[in-house]
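Inspection log for the structure reproduced underneath, given as structure tokens.
All values derive from a computational prediction rather than experimental measurement. Sequence positions, counted from 1, serve as the residue numbers for this chain.
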Amino acid sequence: MAVKARETLESKQISITTLGILMVVVVGYTFLYNQFANTLEDYRLKTIVGVISLVIMMGGFLISLRYITTIYEMVITHDRLIIDRKIFFWKKTVLEVKIEDIKKILPIEEAKKIEGQTRNFTLTNMDGKRKYMVQYETQGKICSAKIQCTGKFIDTLKKLVKI
């Protein structure tokens, strides 16, 4: 299995503005919790409210970490397009398509109406990495995947697909 092209798509560092907004949300949430908890007299109810508040904050933290640390690794071999998603140290193959099953490769602006299931493997807008729609057939159904990569990677894919 010879690798023809490899691309890694990492999310950008979190901006100062976003970090500031997150800080305001955390401080505001903590303030509201303290105001509400101080009005309660029953300690059992305070404990329940505290545990629920902690679970909500931990859930929000874990969800935000998932979006901040997501990395997509795309590999083109002589017969397959493979996309792996990596979150921290968990790595999972999220798409594996045979080159012969790929029907179309279009820039995202031209792919207005795509039939079938669409899966998204893109991050925020990044310099030098455009978004494309790869339409493929699997199990008799037409599906599509949004990918984000450099021109060199997409040219290699188009050359193998012979579009």
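- Proximity of Val94 to Asp84: side-chain heavy atoms (C-beta onward) are nowhere separated by under 4.5 Å.
- Contacts of Glu137 classified as side chain to side chain donor-acceptor pair (under 3.5 Å), with partners at least two apart in sequence or in another chain: none.
- No more than 12 heavy atoms of other residues, nucleotides or ligands lie within 6.0 Å of NZ in Lys152, so this atom counts as exposed by the packing criterion.
- Grouping Ile, Leu, Val, Met, Phe, Trp and Tyr by side-chain contacts under 4.5 Å, direct or through others, leaves Met23 on its own.
- Legend: residues meeting salt bridge (charged side-chain N to carboxylate O under 4.0 Å, His left out) with Glu100, ordered by chain and number and at least two apart, are absent.
- Listed here is the closest heavy atom pair of Gln148 and Lys129: NE2-O, 3.5 Å.
- Between the side chain of Thr47 and the backbone N or O of Tyr43 there is at least one donor-acceptor pair closer than 3.5 Å.
- For the atom pair CG (Leu9) and CZ (Phe153), the distance works out to 10.5 Å, reported to the nearest 0.5 Å.
- Remark: Thr150 pairs with Glu7 by the side chain to side chain donor-acceptor pair (under 3.5 Å) rule, at least two apart or across chains.
- At least one side-chain heavy atom of Leu157 sits less than 4.5 Å from a side-chain heavy atom of Ile102.
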Step-by-step salt bridge (Lys or Arg N to Asp or Glu O under 4.0 Å) determination, Glu10 to Lys86 = CA-CA 10 Å; Glu10 297 183 43; Lys86 187 176 178 185; over 6 Å; no
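- Every residue two or more places apart in sequence or in another chain that forms a ring-ring contact (aromatic ring centres under 6.0 Å, His included) with Tyr72 is listed here: Phe121.
- Contact check for Ile83 versus Thr93: no side-chain heavy atoms found under the 4.5 Å cut-off.
- Asp155 meets the side chain to side chain contact (heavy atoms under 4.5 Å, CB included) test with no other residue; sequence neighbours excluded.
- The shortest side-chain heavy-atom distance between Arg44 and Lys46 does not fall under the 4.5 Å cut-off.
- Under the 4.5 angstrom side-chain criterion for Ile, Leu, Val, Met, Phe, Trp and Tyr, the cluster partners of Ile48 are Val26, Tyr29, Ile52, Ile56, Met57.
- Taking every heavy atom of both residues into account, Arg119 and Leu95 meet most closely at NH1-CD1, 4.0 Å.
- Taking Val75 as the reference, Val3, Arg6, Thr77 meet the side chain to side chain contact (heavy atoms under 4.5 Å, CB included) condition, with sequence neighbours excluded.
- Under the rule for a side chain to side chain donor-acceptor pair (under 3.5 Å), Lys104 has no partner lying at least two apart in sequence or in another chain.
- With salt bridges taken as basic N to acidic carboxylate O contacts below 4.0 Å, one links Glu73 and Lys91.
- Checked against side chain to side chain donor-acceptor pair (under 3.5 Å), Thr69 has no partners two or more places apart in sequence or in another chain.
- Not one N or O on the side chain of Arg85 forms a donor-acceptor pair closer than 3.5 Å with the backbone of Trp90.
- When the shell of 6.0 Å around NZ of Lys4 is examined, it contains 12 or fewer heavy atoms from other residues, nucleotides or ligands.
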